[in-house]
Amino acid sequence: MGVITDEARRWAEREYPSFDYRVTASDIAKFAQATGETNPIHFVRDAAVAAGYPDVVAPSLYPYVVRTHASALDPFDQLEPDGSPTADVPPLPTRRAMAGETRVVVGERVVAGDTITVTKRLAQMYEKEGRSGPLVFVEMEFTFTNQRGELVARENFTRIYR
Amino acid sequence: MRVLPDIGAEVPIQVRAPSALDLFMFSASSWLLHRIHYDTPFTVEHDGHPALLIHGPLQGVYLVQSAESWLGDRARMSSISYRHLAPAYLGDELECGGRVIATDASGLELELWARKSDGTITTTGKARFERR
C-alpha cells in the first residue's frame, strides 16, 4: 500500500480555477441531437417558451458538457496519447483509468443565454488493494451555478486508476 | 394531484444502439477528446478493445431519458447516481429500463439499468424524481 504519495495528494488538493461558460441555443441543440432527444423544447425557442421556459432549455444532464469543455481546452500537445488532457492525470504510478461512480444533483434548469460557472475540488482520494494491484479512487466534485448564483447541478465523479 | 406509479412499476424498456456517428457526435458536443469513442485503430490496436466504447455518461443520459419519457410532466429528476459494471461497445444493443423502488408524498425513487442483449448489465443507477 501507499501509492498515493505526498506529491499526488498535493496535486489533487491544489486549487482549481473556476470556469465560466455562456450557453448558447446551439450548444443545447447539439447535445440534444447527439443524445437522441426529440423534444422541440431543446431545439426551438418558441416550443420552449410555450412550455414555460424563457428560452431553449437543456436536457437534465447537460451541465456535464460545461465541465468537459473546462478540462479539454489545452493545446493538443498537452494531451495524453489517448486524447485525455494531461492536466487531469494525477502523478500516480498507474495511469490506466476507468470511470467509477457518478452522482449528480440537479437544480435549476439551464436555458440558452445562461452563464454557467463551474468550480472543481477534490472530494476524496483513497486507495484499495485490488485483485491485480492497488486501485486509486479520485473523486472530484463539480459545482455548477448560473448567473443568478443558483445551483444548476453538483456532480461527483470518481475516476479509478489501476 | 398527478398520479405517480407505485412501487414495483416498471420503466418501459427503450433499446438504444448508438452508431459510430452517435458516439462521435456525443464526443464532439461534449468536447470530449478521449480517442476510445471515435478512433477505431487506436481503440483496437493500442488499447486492446474489440470496438469503440459507448461513453459512460451517454449511458447515464440513456437511463435518464428512459425514466423521463415515462414520467413525462408528472415528475422531475432531482438526482441520479450510476456506475458502470461492464464495457458497452459499438454494435451493442442496450435495453434501458428500471422500476420504482420507493415512493413518498413528494416523489419517487427508481432503480435504472442498461443491459446488453446477452443479459450483461453495463450501467446501473438510482434516480430520485420529485412530483410536479
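Computation of the quantities below employed the complete heavy-atom set of this structure, encompassing side-chain atoms and omitting hydrogens, waters and symmetry-equivalent molecules. Chain naming here is simple, since letters A, B, ... match the order of the sequence lines and numbering starts at 1 in each.
Neither the backbone nor the side chain of B:R128 comes within less than 4.5 Å of any heavy atom in chain A. Interface residue B:I80: backbone and side-chain heavy atoms are both found under 4.5 Å from chain A. Interface remark: B:Y62 contributes side-chain atoms only to the contact with chain A (heavy atom separation under 4.5 Å). Interface residue A:F76: only side-chain heavy atoms are found under 4.5 Å from chain B. In this structure, chain B has a heavy atom under 4.5 Å from the side chain of A:Q33, while its backbone stays farther away.
With a 4.5 Å cut-off on side-chain heavy atoms, B:I36 and A:D82 do not count as touching. Side-chain atoms of A:L61 and B:M77, non-hydrogen and from C-beta on, do get closer than 4.5 Å to each other.
The 12-atom threshold is not exceeded at CZ of B:F24, counting heavy atoms of other residues, nucleotides or ligands nearer than 6.0 Å. The number of heavy-atom neighbours closer than 6.0 Å to CD of B:E130, taken from other residues, nucleotides and ligands shown, is above 12. Under a cut-off of 6.0 angstrom, the local environment of CZ in B:R83 is sparse, with at most 12 non-hydrogen atoms contributed by other residues, nucleotides or ligands. A 6.0 Å sphere centred on CD of A:Q147 holds more than 12 heavy atoms belonging to other residues, nucleotides or ligands. The local environment of CG in B:D118 is crowded, with over 12 non-hydrogen atoms from other residues, nucleotides or ligands closer than 6.0 Å. Within a 6.0 Å sphere centred on CD of A:E15, other residues, nucleotides and ligands contribute 12 heavy atoms or fewer.
Remark: the B:E68 side chain and the A:S60 side chain contain an N/O donor-acceptor pair separated by less than 3.5 Å.
Criterion: ILVMFWY side-chain heavy atoms under 4.5 Å apart, direct or through other members. Under it, A:V104 and B:L71 are part of a common hydrophobic cluster. Residues B:V11 and B:L4 share a single hydrophobic cluster, defined by chaining ILVMFWY side chains whose heavy atoms lie under 4.5 Å apart. Taking hydrophobic clusters as Ile, Leu, Val, Met, Phe, Trp and Tyr residues chained together by side-chain heavy-atom distances below 4.5 Å, B:V44 does not share a cluster with B:F42. B:I121 and A:I160 are not part of a single hydrophobic cluster, where members link through side-chain heavy atoms under 4.5 Å apart. Neither A:F157 nor A:V105 shares a network with the other; the hydrophobic side chains, linked directly or stepwise wherever heavy atoms of I, L, V, M, F, W or Y lie under 4.5 Å apart, form separate groups for each.
Panel note: side chain A:T68, backbone B:S30; a donor-acceptor pair is recorded below 3.5 Å. Within the 3.5 Å criterion, the main-chain N or O of A:T35 finds a donor-acceptor partner in the side chain of B:Q65. The backbone N or O of B:Y82 sits nowhere less than 3.5 Å from a side-chain atom of A:R103 that would complete a donor-acceptor pair.
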Report task. Show your working on side-chain contact (heavy atoms from CB on, under 4.5 Å) between A:Y64 and B:L32 and close with a plain yes or no. Result -> CA-CA 10 Å; A:Y64 164 78; B:L32 194 71; 3.6 Å; yes

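Note: B:S29 leads B:G125, B:S29, B:G60 in heavy-atom pairs under 4.5 Å with chain A. Note on B:G56, B:S79, B:S78: by heavy-atom pairs under 4.5 Å with chain A, the leading option is B:S78. Highest contact tally toward chain A, considering only B:K126, B:R76, B:R16, is held by B:R76 [criterion: heavy-atom pairs under 4.5 Å]. Top candidate by heavy-atom pairs under 4.5 Å with chain A, chosen from B:L23, B:L33, B:D22, B:T123, is B:L33.
Nearest approach of B:V61 to A:F31, heavy atoms of both residues: CG2-CZ, 4.1 Å.
For a heavy-atom cut-off of 4.5 Å, chain B lies close to A:V106, A:G107, A:E108, A:R109 in residues 106-123 of chain A.
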